[in-house]
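Input: a single structure, listed below in structure tokens.
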Amino acid sequence: MGHGNITREILNNISCPSKVFGFEVNKDFCKQVESEISDSRLVIINDGAENIKKHTNENINSVIGSIPFSFFSKEKGMGIIQDSSDKLVDNAYFSQVLYIKFNFKKFEQIFN
Ligand SMILES: C[S@@+](CC[C@H](N)C(=O)[O-])C[C@H]1O[C@@H](n2cnc3c(N)ncnc32)[C@H](O)[C@@H]1O
């Protein structure tokens with residue numbers, strides 16, 4: 001979630017019964033988003049995206065991320081992409097901000 005800029009826009013564009021699981025490892029950022037965004041559809045999770053399976057029981061329709069893959073080991077990065085892919089329904093949407101294409105191959109290996 002970072003400071004919640006993308007999260008806020010997601011919430012502005014989804015339907016009423018939808019739910020957003022916002023992952024963020026930095027506790028201060030979680031507190032900031034909690035104080036600035038008041039929306040019952042948002043579930044703030046102070047944990048890494050590598051634990052997506054632990055925090056989501058249901059399957060999910062989309063993943064929208066801007067987490068820093070460049071700082072992760074190959075195993076950790078691949079684990080996040082694979083676990084996210086496992087949780088997604090058919091024909092789901094996956095979006096990840098990449099500032100450089102260095103990590104793009106990891107996504108190509110998992111998503112067709
Ligand atoms: C580029 S910022 C996100 C900016 C955010 N999209 C916004 O709109 O403000 C990347 C964020 O990823 C967080 N982060 C780092 N490792 C993470 C992990 N394993 N899982 C989830 N978030 C992580 C960082 O703490 C940082 O806040």
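All ligand and atom numbering here is 1-based and tracks the order in the structure. In this chain, numbering begins with 1 at the start of the sequence shown. Note that this is a predicted model, so its numbers are computed, not measured.
Taking 4.0 Å as the cut-off between side-chain N and carboxylate O, K87 and E58 do not count as a salt-bridged pair.
Applying the side-chain hydrogen bond (donor to acceptor under 3.5 Å, both in side chains) definition to pairs two or more places apart or across chains, those involving residues 91-105 are N103-K106.
Between F94 and F107, the ring-plane angle classifies as tilted under the 30° and 60° cut-offs.
Donor-acceptor pairing under 3.5 Å is lacking for the side chains of N5 and E9.
For R8 (side chain) and I37 (main-chain N/O), no donor-acceptor pair under 3.5 Å exists by modelled atom type.
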At less than 3.5 Å, what protein N or O atoms come close to the N or O atoms of ligand 1? Include the distances to 0.1 Å.
| residue | atom | partner | partner atom | Å |
| --- | --- | --- | --- | --- |
| ligand 1 | 6 (N) | S66 | OG | 2.7 |
| ligand 1 | 8 (O) | N5 | N | 3.2 |
| ligand 1 | 8 (O) | I6 | N | 3.1 |
| ligand 1 | 9 (O) | H3 | N | 3.1 |
| ligand 1 | 9 (O) | N5 | ND2 | 3.1 |
| ligand 1 | 19 (N) | E50 | OE1 | 2.9 |
| ligand 1 | 20 (N) | A49 | N | 2.9 |
| ligand 1 | 25 (O) | E24 | OE2 | 2.6 |
| ligand 1 | 27 (O) | E24 | OE1 | 2.7 |
| ligand 1 | 27 (O) | E24 | OE2 | 3.4 |

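Residue-environment remark: CD (Q32) exceeds the threshold of 12 foreign heavy atoms within 6.0 Å.
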